[in-house]
Chemist: 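My questions all concern the structure below.
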Amino acid sequence: MSETFKAPVIVDGDTLFHIRGSSALPAPERAESIQNAIIEVAESSDAKDVEITFEESELGTRILADGVLVTIVTDADAELEQMDLAVLSLLHGDAIREAIVAYRANRTEEARVSGAIEAAAWTLGFVAFVVIILWLHRRIRRRTLVFVRRYLKDVEEATAKSVQAEAIAALIRYGLNFVLLVIFFLGFYYYLSFVLLAFAESRYLAQLLLTYLTEPVLLIFKGIISYIPNLIMLALISWVAFYVIKGLRVFFDAVEAGTFDIGDFEKHWVNPTFNIARVIVILIALVFAVPYIPGSDSAAFQGLTILVGAMLSLGANSVVSNMLAGLFVIYRRSTSVGDRIQIGEHIGDVVQIKLMETHLKSIKNELISIPNAQLMNSDVINFSKPTDGNGLLVHTTVGIGYEEPPEKVEAMLIEAARRTKGLKARPAPFVLWTALADYAINYQINAYTTRGNSIPRIRSDLHRNIVAVFNENGVQIMTPSYMADPPEPKIPAVPWDGHLAHDAREDTDS
């Protein structure tokens, strides 16, 4: 029923009864008239009792207090309450008598003194409450840092002091101070309400304050209590998921330690496989937990879920591709931590393979971050993975004029390879003719090495030794350009005798 046709009669914050209104006399106006009449009768005398009389009239039963008309109980009121008119009149009369008696009692000298004492008691209690809050605030400032340094010392060590104890203490201090602030405002709110409740004149305002805060708080507590079974189920699901993850951790630790042998399962797969299994367990737990989450069946929750899913699907394409590429990089065995690899122009040692990117330490000690999607779509040269057991072929090319005996050039190149540390004597180095160029023959020296991580140094030493051997034998590596051929053809003048120039260092070694 609308407020036009129904309204409560309230005196000093207490609802006496509800009355019926009409379009000519709306219910709120009629209720206000009855309230004013009750207060007028109550203030007209200091008697501890009041005489209530009833008179029948054409409109209904008239109720008088000390001979003053207070209200008329009509058939519409009886219909509203679903009661007989005579019975309803008696009940309204009793409510009016009690309201008048209480109104007079609450305004006696004794009641005012009692109200003042009650307000003073609440004030003393509030002062003590404020002192406790301030004491806790100061104690939080002093004790938080000590607590963090004592019990969270491992956090600093685990993060190499990137997370400082002062920062953790500041966060904890902020949270505790926020809780204290909420408690203070709640205490002040209820203190003000109880002080106003101690006096009759302000009791109605106090009841409004209590109603506005207490009802939402009670609704929250009722909601929490009604969700206790769901909370128990959520706790059970969390507990099961936690112990499943803990069991997986123990299992994979045993695999890493060699207690369990899983065929070709490599040890560097342990951590990523455990992380994948942990994510799967958490996702399964979330699927079971969602129906028990408060508000999960609401349209707002479902709309938010759809929005988050759409945002992830639209904005995470590159993220997902890098994550999937990271899994392929980890499990396809082509690249492992510690390998020296070449990706495009970048050469370096793999120091870390993450889900999104791979970190290389270049030969210049630079840290290179390569997205895993790029790693999957690029040609990767691995200098560390064994192939046929002979090792990697280190090679370089030199151009030597046609006038030099090819056998001599090949012998000099093999001698340079023999002098280079890190190149194997077996299989023996060999020379390939890669091109017959305009002014020179391009010779390529090839030698095996098992030191994939040292190829730049080995190739540099090989170049140095080639220059040294060719200088010792008077052979020019870089053929000069010229405008025309000389009268005599550029061919060896005499055959090579099969002997290289004597190396003075061999005498020193001997």
Side-chain angles (χ1 to χ4, degrees), residues 3 6-21 25-57 59-74 77-78 80-81 83-126 190-215:
E3 294 181 357
K6 180 182 178 181
V9 176
I10 302 174
V11 177
D12 277 355
D14 295 328
T15 300
L16 306 183
F17 46 81
H18 288 78
I19 50 91
R20 179 75 179 265
L25 182 61
E29 294 182 10
R30 185 183 172 200
E32 183 179 0
S33 175
I34 297 172
Q35 292 166 191
N36 292 336
I38 293 173
I39 294 174
E40 183 180 350
V41 173
E43 292 180 346
S44 64
S45 174
D46 294 333
K48 295 183 179 181
D49 198 4
V50 61
E51 181 183 2
I52 302 295
T53 56
F54 303 91
E55 295 179 356
E56 297 296 331
S57 67
L59 299 177
T61 303
R62 304 170 75 241
I63 301 177
L64 295 87
D66 289 341
V68 178
L69 177 63
V70 176
T71 183
I72 299 176
V73 182
T74 64
D77 296 326
L80 175 65
E81 301 289 350
M83 297 179 66
D84 184 72
L85 179 60
V87 176
L88 183 60
S89 299
L90 291 174
L91 293 177
H92 282 196
D94 291 340
I96 292 171
R97 177 189 292 108
E98 292 176 2
I100 293 173
V101 171
Y103 188 93
R104 292 172 178 175
N106 290 333
R107 283 158 176 79
T108 61
E109 292 297 329
E110 295 82 359
R112 296 185 184 281
V113 172
S114 176
I117 294 174
E118 183 179 352
W122 282 115
T123 302
L124 290 175
F126 180 71
Y190 279 105
Y191 158 73
L192 182 61
S193 300
F194 289 141
V195 168
L196 294 176
L197 198 62
F199 302 98
E201 291 81 1
S202 58
R203 189 166 298 162
Y204 179 66
L205 179 60
Q207 290 180 344
L208 286 179
L209 291 176
L210 290 173
T211 301
Y212 287 149
L213 182 63
T214 304
E215 285 187 358

Chemist: I'd like to check E43 versus Y103 (side-chain heavy atoms, cut-off strictly below 4.5 Å). Are they in contact?
Modeler: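 A side-chain contact exists here, since the closest heavy-atom pair is under 4.5 Å.
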Chemist: Can a donor-acceptor pair be found, under 3.5 Å and without considering hydrogens, that links the side chain of S114 to the backbone of E110?
Modeler: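 Judged by distance alone, no pair lies under 3.5 Å.
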Chemist: Do you know the tightest heavy-atom contact between R20 and R30?
Modeler: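 Scanning both residues completely, I find the closest heavy atoms to be O-NH1, 2.5 Å.
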Chemist: Determine whether F17 and I96 satisfy the following criterion, side-chain contact (heavy atoms from CB on, under 4.5 Å), listing intermediate values before the conclusion.
Modeler: CA-CA 9 Å; F17 46 81; I96 292 171; 4.0 Å; yes
Chemist: Could you measure the distance from the CD atom of E56 to the CG atom of L85? Nearest 0.5 Å is fine.
Modeler: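 Nearest 0.5 Å value for the CD-CG distance: 6.5 Å.
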Chemist: Applying side-chain contact (heavy atoms from CB on, under 4.5 Å) to E40 and V68, what does each step give before you reach the verdict?
Modeler: CA-CA 9 Å; E40 183 180 350; V68 178; 5.7 Å; no
Chemist: So which heavy atom on A31 is nearest to which on A7, and how close?
Modeler: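 The pair with the smallest heavy-atom distance is CB-CB, 4.1 Å.
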Chemist: Measure the CD1-CG distance between I19 and L88 for me, rounded to the nearest 0.5 Å.
Modeler: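 If I round to the nearest 0.5 Å, the distance is 11.5 Å.
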Chemist: Within this structure, what is the CG-CE distance for the pair L91 and M83, rounded to the nearest 0.5 Å?
Modeler: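 That separation rounds to 4.5 Å.
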Chemist: Are the side chains of I100 and D66 in touch, meaning some heavy atoms are under 4.5 Å apart?
Modeler: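 No, every pair of side-chain atoms sits at 4.5 Å or beyond.
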Chemist: To the nearest 0.5 Å, what is the distance between CG (L16) and CD (Q35)?
Modeler: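 That separation rounds to 8.0 Å.
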Chemist: Between atom CZ of F54 and atom CD1 of I72, what is the distance when rounded to the nearest 0.5 Å?
Modeler: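 That separation rounds to 13.5 Å.
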Chemist: Taking all non-hydrogen atoms of both residues into account, name the closest pair between L59 and T74 and its distance.
Modeler: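 Taking L59 first and T74 second, the nearest heavy atoms are O-CG2, 3.6 Å.
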Chemist: What are the two closest non-hydrogen atoms of T15 and P8, and how far apart are they?
Modeler: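 Of all heavy-atom pairs spanning T15 and P8, the closest is CG2-CB, 3.8 Å.
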Chemist: Please determine which of I52, I63, I34 meets the side chain to side chain contact (heavy atoms under 4.5 Å, CB included) test together with H92.
Modeler: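 Option passing the side chain to side chain contact (heavy atoms under 4.5 Å, CB included) with H92: I63.
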Chemist: Indicate the atoms forming the closest heavy-atom contact of R104 with S44, along with that distance.
Modeler: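 Distance-wise, the nearest heavy atoms are NH2-OG, 4.4 Å.
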Chemist: Can you confirm whether more than 12 heavy atoms, excluding those of E55, are under 6.0 Å from its CD atom?
Modeler: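 Correct, the count exceeds 12.
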Chemist: How far apart are the C-alpha atoms of L64 and E51, what are their side-chain angles, what is the distance that settles it, and do they pass the side-chain contact (heavy atoms from CB on, under 4.5 Å) test?
Modeler: CA-CA 8 Å; L64 295 87; E51 181 183 2; over 6 Å; no
Chemist: Check whether any side-chain heavy atom of H18 sits under 4.5 Å from a side-chain heavy atom of D77, and report yes or no.
Modeler: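 H18 does not reach D77 side chain to side chain.
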Chemist: Rounded to the nearest 0.5 Å, what separates atom CG in L192 from atom CG in L196?
Modeler: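 Answer rounded to 0.5 Å: 4.5 Å.
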